[in-house]
Asks: 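Shown below is the structure under consideration.
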Amino acid sequence: ELKVEQNPLFLSMQEGKNYTIYCNYSTTSDRLYWYRQDPGKSLESLFVLLSNGAVKQEGRLMASLDTKARLSTLHITAAVHDLSATYFCAVDRPFGYGNKLVFGAGTILRVKS
Amino acid sequence: GAVVSQHPSRVICKSGTSVKIECRSLDFQATTMFWYRQFPKQSLMLMATSNEGSKATYEQGVEKDKFLINHASLTLSTLTVTSAHPEDSSFYICSARVGRASSGAFFGQGTRLTVV
(Lines give C-alpha, C1' and ligand atoms only; values in the text may rest on other atoms or scores of the structure.)
Protein backbone atom coordinates (compact mmCIF):
# COMPACT_ATOMS: atom_id res chain seq x y z
CA GLU A 1 0.00 0.00 0.00
CA LEU A 2 1.32 3.39 -0.98
CA LYS A 3 1.94 5.68 1.96
CA VAL A 4 2.98 9.31 1.76
CA GLU A 5 4.65 11.12 4.62
CA GLN A 6 5.25 14.80 4.83
CA ASN A 7 7.39 16.64 7.29
CA PRO A 8 7.29 18.87 9.05
CA LEU A 9 3.56 18.99 9.66
CA PHE A 10 3.76 22.51 10.97
CA LEU A 11 6.32 25.11 10.09
CA SER A 12 6.54 28.58 11.54
CA MET A 13 9.21 30.70 9.91
CA GLN A 14 10.35 34.26 9.73
CA GLU A 15 10.07 36.29 6.58
CA GLY A 16 13.22 36.17 4.54
CA LYS A 17 14.28 32.73 5.72
CA ASN A 18 14.68 29.56 3.67
CA TYR A 19 13.22 26.19 4.47
CA THR A 20 12.39 22.82 2.92
CA ILE A 21 9.33 20.60 3.18
CA TYR A 22 9.90 16.90 2.59
CA CYS A 23 7.62 14.33 1.05
CA ASN A 24 8.53 10.65 1.26
CA TYR A 25 6.57 7.84 -0.28
CA SER A 26 6.71 4.13 0.23
CA THR A 27 6.41 2.45 -3.18
CA THR A 28 7.58 3.11 -6.68
CA SER A 29 6.01 6.06 -8.41
CA ASP A 30 7.19 8.42 -11.09
CA ARG A 31 4.62 11.13 -10.59
CA LEU A 32 4.28 13.55 -7.76
CA TYR A 33 2.15 16.65 -7.33
CA TRP A 34 2.31 19.60 -4.99
CA TYR A 35 -0.80 21.55 -4.04
CA ARG A 36 -1.45 24.63 -2.00
CA GLN A 37 -4.53 25.19 0.14
CA ASP A 38 -5.47 28.53 1.68
CA PRO A 39 -7.76 28.55 4.74
CA GLY A 40 -11.35 27.84 3.77
CA LYS A 41 -10.38 27.20 0.17
CA SER A 42 -9.82 24.21 -2.03
CA LEU A 43 -6.55 22.91 -3.47
CA GLU A 44 -4.58 24.73 -6.10
CA SER A 45 -2.04 22.91 -8.23
CA LEU A 46 1.53 24.14 -7.76
CA PHE A 47 3.83 21.65 -9.42
CA VAL A 48 3.68 18.48 -11.47
CA LEU A 49 6.82 16.34 -11.27
CA LEU A 50 6.92 13.51 -13.76
CA SER A 51 10.39 12.06 -13.80
CA ASN A 52 13.45 11.39 -11.71
CA GLY A 53 15.45 14.54 -11.29
CA ALA A 54 12.58 16.82 -12.27
CA VAL A 55 12.87 20.32 -10.88
CA LYS A 56 10.24 23.00 -11.17
CA GLN A 57 10.36 26.57 -9.91
CA GLU A 58 7.73 29.22 -9.50
CA GLY A 59 8.67 32.39 -7.69
CA ARG A 60 10.04 31.57 -4.26
CA LEU A 61 9.06 27.91 -4.45
CA MET A 62 11.09 25.13 -6.01
CA ALA A 63 10.09 21.49 -6.12
CA SER A 64 12.21 18.49 -6.99
CA LEU A 65 11.74 14.77 -7.33
CA ASP A 66 14.14 11.90 -6.64
CA THR A 67 12.31 8.72 -7.60
CA LYS A 68 15.16 6.48 -6.46
CA ALA A 69 15.03 7.89 -2.97
CA ARG A 70 11.23 8.18 -3.19
CA LEU A 71 11.55 11.74 -2.03
CA SER A 72 10.31 15.10 -3.16
CA THR A 73 11.22 18.44 -1.66
CA LEU A 74 9.51 21.80 -1.73
CA HIS A 75 12.05 24.51 -1.05
CA ILE A 76 11.01 27.96 0.06
CA THR A 77 13.43 30.78 -0.58
CA ALA A 78 13.22 34.08 1.31
CA ALA A 79 9.74 33.41 2.61
CA VAL A 80 7.08 36.09 2.50
CA HIS A 81 3.80 36.27 4.39
CA ASP A 82 1.79 35.47 1.25
CA LEU A 83 3.25 31.97 1.25
CA SER A 84 1.37 31.13 4.45
CA ALA A 85 -0.87 28.20 3.54
CA THR A 86 -1.08 24.42 3.80
CA TYR A 87 1.00 22.49 1.30
CA PHE A 88 0.18 18.96 0.25
CA CYS A 89 2.14 16.50 -1.79
CA ALA A 90 0.28 13.73 -3.61
CA VAL A 91 1.64 10.66 -5.34
CA ASP A 92 0.26 8.66 -8.23
CA ARG A 93 0.03 4.93 -7.81
CA PRO A 94 2.05 2.83 -10.24
CA PHE A 95 0.51 2.18 -13.62
CA GLY A 96 -2.17 -0.49 -13.38
CA TYR A 97 -3.17 0.36 -9.83
CA GLY A 98 -5.81 2.94 -10.59
CA ASN A 99 -5.74 6.70 -10.75
CA LYS A 100 -6.33 7.75 -7.17
CA LEU A 101 -3.78 10.16 -5.77
CA VAL A 102 -2.45 9.43 -2.31
CA PHE A 103 -1.99 12.56 -0.23
CA GLY A 104 0.40 13.43 2.50
CA ALA A 105 -0.91 14.89 5.74
CA GLY A 106 -0.06 18.40 4.69
CA THR A 107 2.36 21.00 6.02
CA ILE A 108 0.88 24.09 7.62
CA LEU A 109 3.23 26.96 6.86
CA ARG A 110 3.05 30.22 8.79
CA VAL A 111 5.36 33.00 7.76
CA LYS A 112 5.77 35.64 10.41
CA SER A 113 6.70 39.20 9.57
CA GLY B 1 -5.99 25.34 -17.27
CA ALA B 2 -8.65 22.78 -16.49
CA VAL B 3 -11.54 24.11 -14.43
CA VAL B 4 -13.71 22.21 -12.02
CA SER B 5 -16.77 23.99 -10.70
CA GLN B 6 -18.34 22.86 -7.45
CA HIS B 7 -21.66 24.18 -6.23
CA PRO B 8 -22.81 25.33 -3.76
CA SER B 9 -19.80 26.75 -1.96
CA ARG B 10 -21.70 26.94 1.31
CA VAL B 11 -24.89 25.33 2.49
CA ILE B 12 -26.72 25.22 5.78
CA CYS B 13 -29.40 22.62 6.21
CA LYS B 14 -31.56 21.22 8.96
CA SER B 15 -31.00 17.82 10.48
CA GLY B 16 -32.83 15.12 8.60
CA THR B 17 -32.83 16.84 5.26
CA SER B 18 -30.76 15.93 2.21
CA VAL B 19 -28.24 18.10 0.44
CA LYS B 20 -26.91 17.75 -3.09
CA ILE B 21 -23.50 19.01 -4.14
CA GLU B 22 -22.60 19.28 -7.81
CA CYS B 23 -19.19 18.96 -9.38
CA ARG B 24 -18.68 19.90 -13.02
CA SER B 25 -15.62 19.78 -15.23
CA LEU B 26 -16.06 22.84 -17.41
CA ASP B 27 -13.50 22.46 -20.15
CA PHE B 28 -12.60 18.80 -20.19
CA GLN B 29 -14.25 15.42 -19.93
CA ALA B 30 -13.49 13.77 -16.63
CA THR B 31 -13.49 10.01 -16.74
CA THR B 32 -13.08 9.91 -12.99
CA MET B 33 -14.30 12.16 -10.22
CA PHE B 34 -13.24 11.90 -6.62
CA TRP B 35 -15.08 13.08 -3.54
CA TYR B 36 -13.18 14.07 -0.42
CA ARG B 37 -14.08 15.19 3.02
CA GLN B 38 -11.76 17.42 5.02
CA PHE B 39 -11.81 18.13 8.73
CA PRO B 40 -10.14 21.26 10.10
CA LYS B 41 -6.36 21.19 9.90
CA GLN B 42 -6.37 17.69 8.43
CA SER B 43 -5.61 16.17 5.09
CA LEU B 44 -8.16 15.14 2.53
CA MET B 45 -10.04 11.96 3.27
CA LEU B 46 -11.11 10.18 0.10
CA MET B 47 -14.74 9.14 0.35
CA ALA B 48 -15.38 7.62 -3.04
CA THR B 49 -14.26 7.38 -6.62
CA SER B 50 -16.77 7.57 -9.42
CA ASN B 51 -16.30 6.70 -13.04
CA GLU B 52 -18.77 7.91 -15.62
CA GLY B 53 -21.59 5.48 -16.17
CA SER B 54 -20.69 3.09 -13.38
CA LYS B 55 -21.33 2.81 -9.68
CA ALA B 56 -19.09 4.69 -7.33
CA THR B 57 -16.43 2.85 -5.37
CA TYR B 58 -16.56 3.85 -1.72
CA GLU B 59 -13.64 3.84 0.67
CA GLN B 60 -13.82 1.64 3.71
CA GLY B 61 -15.98 3.12 6.43
CA VAL B 62 -17.95 5.45 4.16
CA GLU B 63 -21.68 4.72 4.16
CA LYS B 64 -22.80 4.49 0.56
CA ASP B 65 -26.45 4.85 1.49
CA LYS B 66 -25.73 8.09 3.28
CA PHE B 67 -23.42 9.60 0.70
CA LEU B 68 -25.01 8.96 -2.66
CA ILE B 69 -22.79 9.61 -5.63
CA ASN B 70 -23.97 9.84 -9.20
CA HIS B 71 -21.69 10.35 -12.17
CA ALA B 72 -24.18 10.71 -14.95
CA SER B 73 -21.93 12.25 -17.57
CA LEU B 74 -18.29 12.96 -18.30
CA THR B 75 -18.71 16.46 -16.94
CA LEU B 76 -20.99 16.08 -13.94
CA SER B 77 -20.91 14.19 -10.68
CA THR B 78 -23.15 14.77 -7.69
CA LEU B 79 -22.83 13.92 -4.02
CA THR B 80 -26.03 13.77 -2.01
CA VAL B 81 -25.78 13.71 1.75
CA THR B 82 -28.98 12.02 2.85
CA SER B 83 -30.67 12.54 6.18
CA ALA B 84 -27.92 14.89 7.23
CA HIS B 85 -26.87 15.16 10.86
CA PRO B 86 -24.62 17.68 12.60
CA GLU B 87 -21.70 15.22 12.47
CA ASP B 88 -21.88 15.40 8.67
CA SER B 89 -20.89 19.04 8.86
CA SER B 90 -17.59 19.34 7.04
CA PHE B 91 -15.76 20.67 4.00
CA TYR B 92 -16.42 18.51 0.95
CA ILE B 93 -14.18 18.74 -2.09
CA CYS B 94 -14.49 17.12 -5.48
CA SER B 95 -11.76 16.58 -8.00
CA ALA B 96 -11.78 15.43 -11.57
CA ARG B 97 -9.27 13.60 -13.66
CA VAL B 98 -8.93 12.29 -17.18
CA GLY B 99 -7.89 8.69 -16.71
CA ARG B 100 -4.37 8.64 -15.36
CA ALA B 101 -3.38 11.84 -17.14
CA SER B 102 -0.01 13.21 -16.06
CA SER B 103 -1.62 16.55 -15.27
CA GLY B 104 -3.06 14.93 -12.18
CA ALA B 105 -6.39 15.92 -10.69
CA PHE B 106 -8.15 19.27 -10.68
CA PHE B 107 -10.13 20.40 -7.70
CA GLY B 108 -13.44 22.11 -7.24
CA GLN B 109 -13.80 25.07 -4.89
CA GLY B 110 -15.17 22.95 -2.09
CA THR B 111 -18.50 23.03 -0.24
CA ARG B 112 -18.82 23.98 3.40
CA LEU B 113 -21.76 22.01 4.76
CA THR B 114 -23.25 22.96 8.10
CA VAL B 115 -26.07 20.86 9.50
CA VAL B 116 -28.08 22.50 12.26
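Residue numbers begin at 1 in each chain, while the letters A, B, ... track the order of the sequences.
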Asks: Within the structure provided, determine whether B:E59 and A:K100 are in side-chain contact (heavy-atom separation under 4.5 Å).
Replies: yes
Asks: So what's closer than 4.5 Å to chain A heavy atoms on B:T49: side chain, backbone, both or neither?
Replies: side chain
Asks: Determine whether A:V111 and A:V80 fall in the same hydrophobic cluster, where Ile, Leu, Val, Met, Phe, Trp and Tyr are linked whenever their side-chain heavy atoms lie under 4.5 Å apart.
Replies: yes
Asks: More than 12 heavy atoms of other residues, nucleotides or ligands under 6.0 Å from CE of B:M45: is that the case?
Replies: yes
Asks: Indicate the atoms forming the closest heavy-atom contact of A:G104 with B:S43, along with that distance.
Replies: O-OG, 2.8 Å
Asks: Please say yes or no: joined through hydrophobic side-chain contacts below 4.5 Å, possibly via intermediate residues, are A:V102 and A:L32 part of one cluster?
Replies: yes
Asks: Check whether B:F28 and B:L74 end up in the same hydrophobic cluster, where Ile, Leu, Val, Met, Phe, Trp and Tyr are linked by side-chain heavy atoms less than 4.5 Å apart.
Replies: no
Asks: Quick check on B:S95 against chain A: is it the side chain, the backbone, both or neither that has a heavy atom closer than 4.5 Å?
Replies: neither
Asks: Do other residues, nucleotides or ligands put more than 12 heavy atoms under 6.0 Å from A:L71 CG?
Replies: yes
Asks: Mind checking which of residues 46-61 of chain A sit less than 4.5 Å from chain B, heavy atom to heavy atom?
Replies: A:V48, A:L50
Asks: Would a distance-only check, ignoring hydrogens and angles, find a side-chain to backbone donor-acceptor pair under 3.5 Å from A:S42 to B:F107?
Replies: no
Asks: Below 4.5 Å, heavy atoms only, C-beta onward: do A:L101 and B:F34 meet side chain to side chain?
Replies: no
Asks: Looking only at heavy atoms, which two atoms of B:Q42 and A:F88 are closest? And how far apart?
Replies: O-CZ, 4.1 Å
Asks: Under 4.5 Å between any side-chain heavy atoms of B:L44 and A:L43, yes or no?
Replies: yes
Asks: Other residues, nucleotides and ligands only: do more than 12 of their heavy atoms fall within 6.0 Å of OH on A:Y22?
Replies: no
Asks: Given a strict heavy-atom distance threshold of 4.5 Å, which part of A:Y35 is in contact with chain B: side chain, backbone, both, or neither?
Replies: side chain
Asks: Report whether A:L9 and A:I21 are members of the same hydrophobic cluster (ILVMFWY, side-chain heavy atoms less than 4.5 Å apart, transitive linking).
Replies: no
Asks: Rounded to the nearest 0.5 Å, what's the gap from CD on B:Q38 to CZ on A:F103? Could you check?
Replies: 9.5 Å
Asks: Treating Ile, Leu, Val, Met, Phe, Trp and Tyr as nodes and any side-chain heavy-atom pair under 4.5 angstrom as an edge, say whether A:Y33 and A:L74 lie in one connected cluster.
Replies: no
Asks: For B:Q6, is it the side chain, the backbone, both, or neither that has a heavy atom closer than 4.5 Å to a heavy atom of chain A?
Replies: neither
Asks: Would you say B:F106 and A:S45 make side-chain contact, with heavy atoms under 4.5 Å?
Replies: no
Asks: Please examine the side chains of A:R93 and B:R100, heavy atoms only from C-beta on, and report whether any two atoms are closer than 4.5 Å.
Replies: no
Asks: Measure the spacing between NZ of B:K41 and CZ of A:F10 and express it to the nearest 0.5 Å.
Replies: 8.5 Å
Asks: With only heavy atoms counted, which part of A:Q6 is less than 4.5 Å from chain B, the side chain, the backbone, both or neither?
Replies: neither
Asks: Side chain, backbone, both or neither: which part of A:K41 has a non-hydrogen atom closer than 4.5 Å to chain B?
Replies: backbone
Asks: Does B:R97 reach the main-chain N or O of A:N99 with its side chain, forming a donor-acceptor pair under 3.5 Å?
Replies: yes
Asks: Which one, A:P39, A:G106, A:G98, A:P94, leads in non-hydrogen pairs under 4.5 Å with chain B?
Replies: A:P94
